[in-house]
Amino acid sequence: MKTQVGIVGAGPAGLVLSHLLHLSGIQSVVLEAHRRGYVEERVRAGVLEQGTADLLRDTGVGERMSRQGLRHHGIELQFGRSRHRIDFAELTGGKGVTVYAQHEVLKDLIQARLEAGGQILFEVEGVSVQELQGPKPQIRFRKDGNDQELECDFIGGCDGFHGICRPSIPEGALKIFEKAYPFAWLGILAEAPPSSQELIYAHHERGFALLSMRSATISRLYLQCAPEEDILSWEDARIWEELHRRFEVVEGRMLQKGITGMRSFVAEPMQYGRLFLAGDSAHIVPPTGAKGLNLAVADVRVLAAAIAEYYRSGSTELLDRYSERCLRRVWKVQRFSWWMTSMLHRFADDNPFDVRRQLAELDYVTSSRAASQTLAENYVGLPFE
Ligand SMILES: Cc1cc2nc3c(=O)[nH]c(=O)nc-3n(C[C@H](O)[C@H](O)[C@H](O)COP(=O)(O)OP(=O)(O)OC[C@H]3O[C@@H](n4cnc5c(N)ncnc54)[C@H](O)[C@@H]3O)c2cc1C
């Protein structure tokens, strides 16, 4: 098999890349380890930056999002028993975010790619990437028991944090920057109308909590917990009790629950020969800033434009600058995600000084226009170059 761009992974990075390339008349094949149903139902992110939602709409895959997504023009910060609204629209000249689940975005992208004749091969096994420094890199894989080889001009390494693309780069070629946090999030999905119109980020003496939603009938709620916590020890009643302690919340049938670890991670550079890493394969942020999906889309926006320029003019200038351009945004988003995380969570070794400092920071963020604007500008998404 041959194609122009071989893409490993049908997550947000891989599917948006394939979609943008198609709009520039460039062929791609997407290889995905899981079955289609799994990809379309896996519950993950749900907050789309202004730029992410605009891109989906402008490229013809935002119709359902525009109809069903919830447009939010602010968030609430809760601390010291009171709530303070950060008004995004007022602070950023009318911008906001769209609450629309990641798996719904993926459904829309998969449908668009397949309707346009795009190739997405689900349930591939044993994927490996070869000849990355040569002019024709290859992807080997097994599909329906048959070994296959896909020859390409470029490979998009969009296979997430646990994929094979990043580990295929020889040791020493990448520099890794990493930070682990001493807590995790226990997240639930419940059949209950959201208890607030906007997201509430709560600083609480028992730990951080987030009240979020995926639609007008489904709530998404998170509690700070220990990273080694066993979800089996969290019966539904215990979760609701703990949530009620942190904010007023409407209960409903629990559809899903799980524990997510928190880390910050960056691999530099995001390119090795003709392999380009994008999204979680290159970087991870703690979810407090709601940035993982958005950063994946931001990467492939740069990559698709660079590949299109190569096919248009033969110039590799934009491809050569891919990593540097993405990393400027990645590090700013890392800073924001770390800052939100540090401001809102309880640390095991909290000393009273740190708690007072966090509360002073929250007071400052919600009482100074300059500070509120900084949060708002980052939350709705920094402008693109
Ligand atoms: C529980 C949870 C909650 C989250 N909440 C938020 C949030 O609120 N806001 C936010 O912005 N972000 C959130 N994130 C992060 C966000 O979901 C990710 O940043 C985003 O999915 C990254 O997209 P991606 O395409 O880079 O990687 P992924 O979505 O991980 O996609 C990678 C794809 O590659 C496939 N793959 C892996 N290995 C192989 C292989 N060897 N061969 C073929 N295919 C392979 C995987 O099956 C997967 O489909 C959350 C993540 C989790 C886990």
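Numbering of ligands and ligand atoms starts at 1, following listing order.
- In the vicinity of Cys158, heavy-atom distances shorter than 4.0 Å reach the ligand 1 atoms 32 (C), 33 (C), 34 (O).
- At the shortest separation from atom 29 (O) of ligand 1 among protein heavy atoms lies Arg44 NH1, 2.9 Å.
- For the pair Leu382 and Glu49, the minimum side-chain heavy-atom distance is 4.5 Å or more.
- Judged by distance alone, the side chains of His203 and Gln358 do bring a donor and an acceptor atom under 3.5 Å apart.
- Contacts between Asp280 and ligand 1 below 4.0 angstrom, taking non-hydrogen atoms only, involve backbone and side chain alike.
- For the pair Leu277 and Ile169, the minimum side-chain heavy-atom distance is below 4.5 Å.
- Geometrically, ligand 1 and Ala290 share a nitrogen or oxygen pair separated by less than 3.5 Å.
- The nearest heavy-atom contact from the protein to atom 23 (O) of ligand 1 is Pro12 CD, 3.3 Å.
- The closest side-chain donor-acceptor pair between His244 and Glu251 falls under 3.5 angstrom.
- With hydrogens and angles left out, the side-chain atoms of Ser264 and Tyr181 include a donor and acceptor closer than 3.5 Å.
- Near Gly160, meaning under 4.0 Å from any of its heavy atoms, are these atoms of ligand 1: 27 (O), 30 (O), 32 (C).
- Residues Cys152 and Ile139 have side chains in contact (heavy-atom distance under 4.5 Å, counting atoms from C-beta outward).
- A donor and an acceptor atom, one from each side chain of Asp153 and Tyr310, are nowhere located under 3.5 Å apart.
- Proximity of Asn378 to Arg335: side-chain heavy atoms (C-beta onward) are separated by under 4.5 Å at one or more points.
- In this structure, Phe79 has its ring center under 6.0 Å from that of His84.
- At least one heavy atom of Leu31 sits closer than 4.0 Å to an atom of ligand 1.
- Among the atoms of Ser281, none of the N or O lies under 3.5 angstrom from an N or O of ligand 1.
- Taking the six-membered ring where tryptophan is involved, the planes of Trp185 and Tyr222 are tilted, since the angle between them lies from 30° to 60°.
- Annotation for ligand 1: atoms under 4.0 Å from non-hydrogen atoms of Ile164 are 41 (N).
- Less than 4.0 angstrom separates some heavy atom of Gly292 from each of these atoms of ligand 1: 10 (C), 11 (O), 12 (N), 19 (O).
- Ligand-side atoms of ligand 1 in range of Gly279: 26 (O), range being under 4.0 angstrom from any heavy atom.
- Taking the ring centre of Phe122 as origin, the terminal cationic atom of Arg35 falls outside the region bounded by 6.0 Å and 45° from the ring axis.
- Residue Glu32 places at least one N or O, backbone or side chain, under 3.5 Å from an N or O of ligand 1.
- Within the structure, the closest approach of Arg42 to ligand 1 falls below 4.0 Å when heavy atoms are considered.
- Counting the atoms of ligand 1 from 1 in the order shown, those under 4.0 Å from a heavy atom of Val8 are 42 (N), 43 (C).
- Close approach of ligand 1 to Thr260 is summarised as follows: ligand atoms under 4.0 Å from at least one heavy atom of the residue are 1 (C).
- Atom 37 (C) of ligand 1 has as its closest protein heavy atom Asp159 O, 3.2 Å.
- Atom 31 (O) of ligand 1 has as its closest protein heavy atom Gly11 CA, 3.4 Å.
- Tested against Tyr322, the residues Tyr272, Phe154, Phe276 include a single ring pair (Phe, Tyr, Trp, His ring centres under 6.0 Å) partner, Phe276.
- When only interatomic distances are considered, the shortest N/O to N/O separation between Val47 and ligand 1 does not fall below 3.5 Å.
- The shortest N or O to N or O distance between Ala33 and ligand 1 is below 3.5 Å.
- Judged by the 6.0 Å distance and 45° axis criteria, Arg325 is not positioned over the aromatic ring of Phe384.
- The single protein non-hydrogen atom nearest to atom 5 (N) of ligand 1 is Ala45 CA, 3.5 Å, given as residue, atom name and distance.
- Taking a cut-off of under 4.0 Å to the non-hydrogen atoms of His34, the atoms of ligand 1 that pass are 47 (O).
- Distance from atom 42 (N) of ligand 1 to its nearest protein heavy atom, with residue and atom name: Val127 CG2, 3.5 Å.
- For Lys291, a nitrogen or oxygen atom sits less than 3.5 Å from a nitrogen or oxygen atom of ligand 1, counting backbone and side chain alike.
- Considering both main-chain and side-chain atoms, Gly163 never comes within under 3.5 Å of ligand 1 through any nitrogen or oxygen pair.
- Checking only distances, Gly14 never comes within under 3.5 Å of ligand 1, N or O to N or O.
- In terms of N/O distances under 3.5 Å, ligand 1 is approached by Ala13.
- A cation-pi contact, defined as under 6.0 Å to the ring centre and within 45° of the axis, is absent between Arg67 and Tyr100.
- By the 30° and 60° cut-offs, the orientation of the rings of Phe161 relative to Phe265 is perpendicular.
- For the 3.5 Å distance criterion, the side chains of Glu229 and Ser233 fail to qualify, holding no donor opposite an acceptor.
- Among all non-hydrogen protein atoms, the one lying nearest atom 16 (C) of ligand 1 is Gln102 OE1, 3.6 Å.
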